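Structure first, then comments.
Keep in mind that what you see is a predicted model, and the values were worked out from it rather than measured.
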Amino acid sequence: MASTSDLQEQALTFYKNKSNTLTPSQNTLSLITHDSSNFPSWLIAGILQQSVSTNNECFLSPNFPSINKESSPSYVYSFTNTIQTYNKYFLKYNIKNNENLHFTSFINSDAPPLASWYTSIISEIKSNRNPVVIIENPELVLLLDPTVTINKLLSQIQEIQKHCALYIVSTTSTSSSFTSTYLPSILHRSSLIISLTALTTGRADDISGTLTISTGPIPNENQIESRQYSYLISNSAVKLYFK
């Protein structure tokens with residue numbers, strides 16, 4: 001494989017007929033999967049940046065044309081992280097319109113009660129116009145609340161999806177029997193699937209991992225641009241290259 005120094009940096013795109021945005025249509029579900037060595041905080045920060053921007057700004061797609069657009073209210077709900085995970089990207093790329101950016105961590109002491117996690121999300125987002133919602137590792141509810149079954153969790157996620165453009169972020173590194181059943185179930189409800197994986201040859205100084213975009217089983221009004229990128233995360237920037 002060629003070194004990234006020999007490759008041209010590319011803009012991240014998800015769709016063929018809507019190539020200037022990373023934001024999916026309302027009421028659709030997009031799945032982001034990752035292994036333990038490729039946490040997608042940089043990808044989530046880029047999606048959030050474009051979602052809250054009023055001019056299509058996104059540090060992962062610096063060549064996208066500037067257009068006038070509404071700033072979408074954007075929410076992150078996490079069972080694994082706090083806002084500190086994303087602050088370095090928000091600060092580095094000067095992500096604006098933070099009044100439209102909301103973060104709730106269910107591992108904080110002041111988090112909503114676990115039993116009402118999904119109703120609290122719906123209550124917060126349902127009155128907004130075109131909200132974007134990202135939920136990190138909702139499968140942990142299965143381990144934290146033994147009364148919740150996989151079918152119940154899937155039903156709760158479906159209810160949230162009715163009110164937003166929804167991203168679910170899940171890890172592929174767990175050996176739990178719950179998540180081995182849950183993850184395929186979420187995949188089969190998705191329109192867009194984004195996977196972050198380690199290099200098959202191990203780590204490299206000039207490549208951090210591989211990002212794969214593919215079409216999910218659920219039809220989407222926007223045609224997915226199936227492709228693979230190599231990506232490099234450094235102190236100065238995140239860069240993507242076609243594989």
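- With hydrogens and angles ignored, the 3.5 Å screen pairs a side-chain donor or acceptor of Lys69 with a backbone N or O of Ser53.
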Quick one: do Phe90 and Gln49 satisfy side chain to side chain contact (heavy atoms under 4.5 Å, CB included)? Show the steps, please.
CA-CA 8 Å; Phe90 295 162; Gln49 181 184 32; over 6 Å; no

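- Note: Tyr241 and Tyr229 fail the aromatic proximity criterion, with ring centroids not under 6.0 Å apart.
- Annotation: the span from Asn55 atom CG to Glu57 atom CD amounts to 5.5 Å, rounded to 0.5 Å.
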Given side chain to side chain contact (heavy atoms under 4.5 Å, CB included), test Ile121 with Tyr75 step by step and report yes or no.
CA-CA 9 Å; Ile121 291 176; Tyr75 299 82; over 6 Å; no

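- By the 6.0 Å contact criterion, CG on Asp110 is enclosed, its count of non-hydrogen atoms from other residues, nucleotides or ligands being greater than 12.
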Would you check, one step at a time, whether the test side chain to side chain contact (heavy atoms under 4.5 Å, CB included) holds for Gln228 with Ile213?
CA-CA 6 Å; Gln228 279 192 325; Ile213 298 168; over 6 Å; no

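- A distance-only check finds no donor-acceptor pair linking the side chain of Ser230 to the backbone of Ile207 [under 3.5 Å].
- Atom CD1 of Ile134 is separated from atom CD1 of Ile32 by 6.0 Å, given to the nearest 0.5 angstrom.
- Taking both residues in full, the closest heavy atoms of Val52 and Lys96 are given as CG2-O, 3.3 Å, listed atom of the first, atom of the second, then distance.
- Side-chain contact of Ser195 with Thr197: a donor-acceptor pair under 3.5 Å is absent, judged by distance alone.
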side-chain hydrogen bond (donor to acceptor under 3.5 Å, both in side chains) between Ser74 and Ser72, intermediate numbers included
CA-CA 6 Å; Ser74 302; Ser72 298; 5.7 Å; no

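- No side-chain heavy atom of Ile135 sits less than 4.5 Å from a side-chain heavy atom of Val169.
- Side-chain contact annotation: Glu225 with Thr13, donor-acceptor N/O pair under 3.5 Å absent.
- Between the side chain of Lys92 and the main chain of Asn235, a donor-acceptor pair closer than 3.5 Å is present.
- The closest donor-acceptor contact from the side chain of Ser105 to the backbone of Asn81 lies under 3.5 Å.
- A ring-centre distance under 6.0 Å is not found for Trp42 and Phe59.
- The two residues Glu139 and Ser170 come nearest to each other via the heavy atoms OE1-OG, 3.1 Å.
- Annotation: the span from Gln158 atom CD to Gln161 atom CD amounts to 6.5 Å, rounded to 0.5 Å.
- Clustering ILVMFWY residues whenever any of their side-chain heavy atoms sit less than 4.5 angstrom apart, transitively, puts Leu144 in a cluster other than the one holding Ile107.
- Phe14 is not connected to Ile218 by any chain of hydrophobic side-chain contacts under 4.5 Å among Ile, Leu, Val, Met, Phe, Trp and Tyr, and they are in different clusters.
- Ser116 places no side-chain N or O within 3.5 Å of a backbone atom of Pro112 that could act as its donor or acceptor partner.
- A distance-only check finds a donor-acceptor pair linking the side chain of Thr28 to the backbone of Ser25 [under 3.5 Å].
- Linking ILVMFWY side-chain heavy atoms closer than 4.5 Å, directly or via other members, places Leu22 and Ile67 in two distinct hydrophobic clusters.
- When atom types are taken as modelled, the side chain of Asp35 and the backbone of Ser37 share a donor-acceptor pair closer than 3.5 angstrom.
- Annotation: the span from Tyr231 atom OH to Leu12 atom CG amounts to 12.0 Å, rounded to 0.5 Å.
- No donor-acceptor distance shorter than 3.5 angstrom exists from the side chain of Thr23 to the backbone of Ser51, with no hydrogens or angles considered.
- No donor-acceptor pair under 3.5 Å is formed between the side chain of Asn128 and the backbone N or O of Pro73.
- The shortest side-chain heavy-atom distance between His102 and Tyr77 does not fall under the 4.5 Å cut-off.
- Looking at Ile194 and Leu211, their side chains come closer than 4.5 Å, going by heavy atoms from C-beta outward.
- Of all heavy-atom pairs between Ile160 and Tyr118, the closest is CD1-CB, 3.9 Å.
- Minimum interatomic distance between Tyr182 and Pro138 (heavy atoms only, all atoms of both residues): OH-CG, 3.4 Å.
- No side-chain donor-acceptor contact under 3.5 Å links Ser190 to the backbone of Leu192.
- Here the shortest heavy-atom pairing between Ile224 and Lys16 reads O-CE, 3.8 Å.
- Residues Thr149 and Asn151 have side chains that never bring a donor and an acceptor to within less than 3.5 angstrom of each other.
- Between Gln8 atom CD and Phe242 atom CZ the span is 9.0 Å, to the nearest 0.5 Å.
- Asn98 and Ile95 get closest at one heavy-atom pair: OD1-O, 3.2 Å.
- Between Leu166 and Ile157 the shortest side-chain heavy-atom distance falls below 4.5 Å.
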Show, in sequence, the C-alpha distance, side-chain angles and deciding distance for Trp117 and Phe79, and conclude whether the ring-ring contact (aromatic ring centres under 6.0 Å, His included) test is met.
CA-CA 10 Å; Trp117 74 275; Phe79 289 89; 5.6 Å; yes

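- By the 4.5 Å heavy-atom criterion applied to side chains, Cys164 and Lys126 are not counted as neighbours.
- Expressed to the nearest 0.5 Å, how far CD1 of Ile150 lies from CD1 of Ile186 amounts to 10.0 Å.
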Verify side chain to side chain contact (heavy atoms under 4.5 Å, CB included) between Thr215 and Ser226, making sure each step is shown before the conclusion.
CA-CA 7 Å; Thr215 303; Ser226 296; 3.7 Å; yes

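- Side-chain contact, Ser66 with Asn56: no donor N or O sits under 3.5 Å from an acceptor N or O.
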